[in-house]
Amino acid sequence: MRWSTLFIPTLRDAPADAEALSHRLLVRGGFIRQLQSGHYSMLPLGWRVHRKVAEVIRQEMDAIGAQELLLPAMHPASVWQQSGRWESMGDEMFRLVDRKGADLVLGMTHEEVIALIGLELSSYRDLPQMWYQIQTKFRDEPRPKSGLLRVREFTMKDSYSIDIDDAGLDRSFDLHHHAYTRIFARLGLDALPVEASSGAMGGSASIEFMVESPAGEDDVARCTGCGYAANVERASAATTPVENRPGGDAPERFPTPGIRTIVALAEAGHPPEHQVKTLVYEVDGELVLILLRGDHPFLEQKFVDATGSGDLHPAETDRIRDALGASPGSLGAVGVDGPPIYADHALRGRSGMTTGANDDDFHLDGVDVERDIAVDHWLDLRGILDGEPCAVCGEPLEVVRCIEAGHIFKLGRRYAEAMDMSVLDADGRSRTPTMGSYGIGVGRAMAAVAEVHHDDAGLIWPVAIAPYEVVLTVVKTDHEPSMDLADRWHDELTAAGVDVLLDDRDARPGVKFADAELIGVPLRVTIGPRGLDQGSVEFTLRSTGEREDVAIDDLAGVVLDAVASGRRQGT
RNA sequence: CGGGAUGUGGCGCAGUCAGGCAGCGCACCUGCUUUGGGAGCAGGGGGUCGGCGGUUCAAAUCCGCCCAUCCCGACCA
């Protein structure tokens, strides 16, 4: 294509409200424009990248035997009511009413619809099945942000597996794991598979594919020794052992005027690891006490995952006073019998501890947790800290910020059961199949690549998804020999299947170089009188800045080789 | 939903405190000169100053309400 005829609105300055690097670069490069918060238009350049990302995904899904289909984006409420998610999805689901007054939803995922189609499966001989689509999803995010990284309307590749038994699900899950590994490698993303929380999807296991980036929204704990990696929402660490302080036969009450925090109590001679932190939460309307070691943060997701509870939030101060007789800052669980008490494993066997006395301005010392507190449930409830020892091998864990580029779930039979899916097994008995679901956000993957592959001058697309693979930069468009050569190469390379961009704009060379670098075309051929006098043109790699003079007769071959090797990268 | 900030031409900004002709840079159009890293000169086009209401002789500017956008938090497959 000729640049002069294309719509590539590059900007010298990024919009003031764009902060994430991928957002700034995609807008400046003329790839995307915002329509409203969380909704972006894909301009021609952006759509080319989007299509290529989708195509890489499509090829790898096809390669594991998944079949592409396309489901409606708008669903009747009844489908979601049947699975129970009409209620549980809450405000995140877009809902609307048609002219007949019927409730409809805009699909945020498609387990229900897939399961309905699965009703036509009648025999174990029909299984396994893997179906996928690349389609628009709608989610009413409370806070869209960072350009394409978190939006309300986006293209997702979602796939679903249906198997007769757990072994089959394991197989489908592993096939997807393998496909995802290949997809992210081809996109130029170093995606780390990590153990994850299943959240609202439910199910027995899930793995997220995480790309390290400061623009991400998730923290991953990664072992520097053995390779253990997990989202901090479910990561565990070995607890650093603490020697118990001596304590008497019973807790001892002592005055602590004005002391309300762990830190303040620590300054009064009771280090955080010798304190019991008492949190009061409202869980589905009921009060519960949550106990942790003073230096350990509470991780709500772990509580939700372990108890299957729904709504969870810190209790109101008034309600805490009514139940315990004191305000936050002086709370403790000693002698409490009423609300259920959940304690983190790190408190097991601990004595000589300090905790609130449930009396403002008083604490208890010499507390033996198992002797003095009626713990109902011992759970892993704590967030891990950077540098803590790995639970597997003991080496230090590091916590890194990541973008969630993909997520795969073992769902189990929940949706199949809800939608009444069943097949007959070899013995003629009715069996409920088990399902998996697997997602990649296409636009988010694109933004993740932009986050990772750029420099001060702009984007640096991997050849596999570059909007154009090579740009022919004509330094002087009124220099006939330059334009003649550029035209010839444009046609020749295009005929050979290369995506060629011919910069034939009547602009100064500096502008053309800057634009080519901003939009991130990986290969550049600079054609100008200076080189042609020597019988050569300049060939530049965007990624490294490496440049070489190539004889005119050799140019087409050099470009074809570079494109071919670039396309192979990561495969 | 809580906290903070911002809305002035396509993009970046000044002007708002202290009411009085809507400005600057980039981009865009025309002409001339220039042309291997974001050119120079000259001329030109484009803005309901987020919206509604109020105060005033007069509102981008003061007051009230609303809306939108961004950031932090809450929340979130």
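Lettering follows sequence order; numbering is per chain, from 1. Side-chain atoms are counted along with the backbone in the values below, which use heavy atoms only and exclude waters and symmetry mates.
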So for A/D17 and B/G7, does any side-chain atom that can act as donor or acceptor lie under 3.5 Å from a complementary atom in the base? no
Indicate, with a heavy-atom threshold strictly under 4.0 Å, whether A/P142 touches base, sugar-phosphate, or nothing. base
Assign A/A16 to base, sugar-phosphate, or nothing according to its heavy-atom contacts below 4.0 angstrom with the strands shown. sugar-phosphate
Using the C1' atom in both, what is the distance from B/G4 to B/G47, to the nearest Å? 29 Å
In whole angstrom, what separates A/D219's CG from B/G73's P? 11 Å
Say we look at B/A59 and B/A22: how far apart would their P atoms be, to the nearest angstrom? 11 Å
Greater than 12 external heavy atoms within 6.0 Å of A/D91's CG: no
Are A/R542 and A/D455 ion-paired here, with the side-chain N under 4.0 Å from a carboxylate O? yes
Quick one: do A/F409 and A/H407 satisfy ring-ring contact (aromatic ring centres under 6.0 Å, His included)? Show the steps, please. CA-CA 7 Å; A/F409 298 86; A/H407 201 161; 4.0 Å; yes
Considering only the P atoms, how many Å lie between B/C67 and B/C21, rounded to the nearest integer? 32 Å
Can a side chain N or O of A/R143 be found less than 4.0 Å away from OP1 or OP2 on B/C72? yes
Determine the Euclidean distance between corresponding P atoms of B/G23 and B/G44; express it in Å to zero decimal places. 14 Å
Rounded to whole Å, the CZ-P distance (A/F94 to B/C76) equals 17 Å
Complement of B/G25, any strand, by Watson-Crick or G-U distances under 3.5 angstrom: B/C11
Answer yes or no: does atom CG of A/D506 have more than 12 heavy-atom neighbours from other residues, nucleotides or ligands under 6.0 Å? no
Among B/U35, B/G38, B/C70, the one nearest A/R12 by side-chain distance: B/G38
Nearest-Å distance, CG (A/D506) to C1' (B/C28)? 15 Å
For B/A68, does OP1 or OP2 lie under 4.0 Å from any side-chain N or O of A/S37? no
Identity of whatever pairs with B/A68 - Watson-Crick or G-U, under 3.5 angstrom: B/U6
By nearest atom, which of the nucleotides B/A27, B/C76, B/G36 is closest to the A/T526 side chain? B/G36
C1' gap between B/A18 and B/G25, integer Å: 27 Å
Sugar-phosphate only, base, or nothing, as touched by A/R524 at under 4.0 Å among non-hydrogen atoms: base
Now, which nucleotide makes the Watson-Crick or G-U wobble pair with B/G46, with each of the two distances under 3.5 Å? none
How do A/L312 and A/R33 order along RNA chain B: which one's closest nucleotide is nearer the 5' end? A/R33
Using a heavy-atom cut-off of under 4.0 Å over every strand shown, decide if A/D91 touches base, sugar-phosphate, or nothing. nothing
Could you give the distance separating B/C75 and B/U48 at their C1' atoms, to the nearest angstrom? 38 Å
For B/C1, give the paired nucleotide (Watson-Crick: N1-N3 plus N6-O4 or O6-N4; G-U: N1-O2 and O6-N3; both under 3.5 Å), or none. B/G73
Listing request: all salt bridge (charged side-chain N to carboxylate O under 4.0 Å, His left out) pairs with a residue in residues 513-527 of chain A, at least two apart in sequence or in separate chains. A/R505-A/D515, A/E517-A/R524
Kindly point out which of B/C11, B/C76, B/C26 is positioned nearest to the side chain of A/L11? B/C11
So what does A/E233 touch, heavy atoms closer than 4.0 Å: a base, only the sugar-phosphate, or nothing? nothing
Need one value for A/Q34: base, sugar-phosphate or nothing, where a base atom within 4.0 Å counts as base even if backbone is also close, heavy atoms only. sugar-phosphate
According to the Watson-Crick and G-U wobble definitions, with both distances under 3.5 Å, which nucleotide is paired to B/C57? B/G20
Considering just the side-chain nitrogens and oxygens of A/R508, establish if one lies under 4.0 Å of OP1 or OP2 belonging to B/G36. no
Sugar-phosphate, base or nothing in reach of A/G90, heavy atoms under 4.0 Å: nothing
Contact class for A/G528 (heavy atom, under 4.0 Å): base, sugar-phosphate, or nothing? base
Tell me what A/M156 touches on the nucleic acid: a base, only sugar-phosphate, or nothing, going by heavy atoms under 4.0 Å. base
Can A/R413 and A/D166 be counted as an ion pair, charged N to O under 4.0 angstrom? yes
Those residues that, when tested against A/S4, pass side-chain hydrogen bond (donor to acceptor under 3.5 Å, both in side chains) (two or more places apart): A/D504
Checking all strands, does A/S482 fall into the base, sugar-phosphate, or nothing category for heavy-atom contacts under 4.0 angstrom? nothing
Sugar-phosphate only, base, or nothing, as touched by A/R547 at under 4.0 Å among non-hydrogen atoms: base
Contacts of A/A507 and A/H407 projected onto RNA chain B by closest heavy atom; the upstream (5') one is A/A507
Without decimals, in angstroms, what is the distance between A/R28 CZ and B/A27 P? 13 Å
note: A/Q36, atom CD; B/C70, atom P; distance rounded to Å ~ 10 Å
Roughly how far apart, to the nearest Å, are B/C70 and B/C29 at atom P? 31 Å
Would you call A/R28 and A/D13 a salt bridge, using N to O less than 4.0 angstrom? no
Quick one: look up who B/C32 pairs with, Watson-Crick or G-U, both distances under 3.5 Å, and put none if it's unpaired. B/G40
Expressed as a whole number of angstroms, how long is the span from A/I403:CD1 to B/C76:C1'? 17 Å
A/E300 side-chain proximity, nearest of B/G37, B/C75, B/G12: B/C75
Looking across every strand, which nucleic acid part, if any, lies under 4.0 Å from A/A18 by heavy atom: base, sugar-phosphate, or nothing? nothing
Separation of A/E141 atom CD from B/C70 atom C1', in whole Å? 16 Å
Separation of the C1' atoms in B/G50 and B/C57, to the nearest angstrom: 27 Å
Determine, for A/E141 against A/R152, whether the closest basic-nitrogen to carboxylate-oxygen distance falls under 4.0 angstrom. no
Length of the line joining A/K145:NZ and B/A5:C1', which is rounded to integer Å: 16 Å
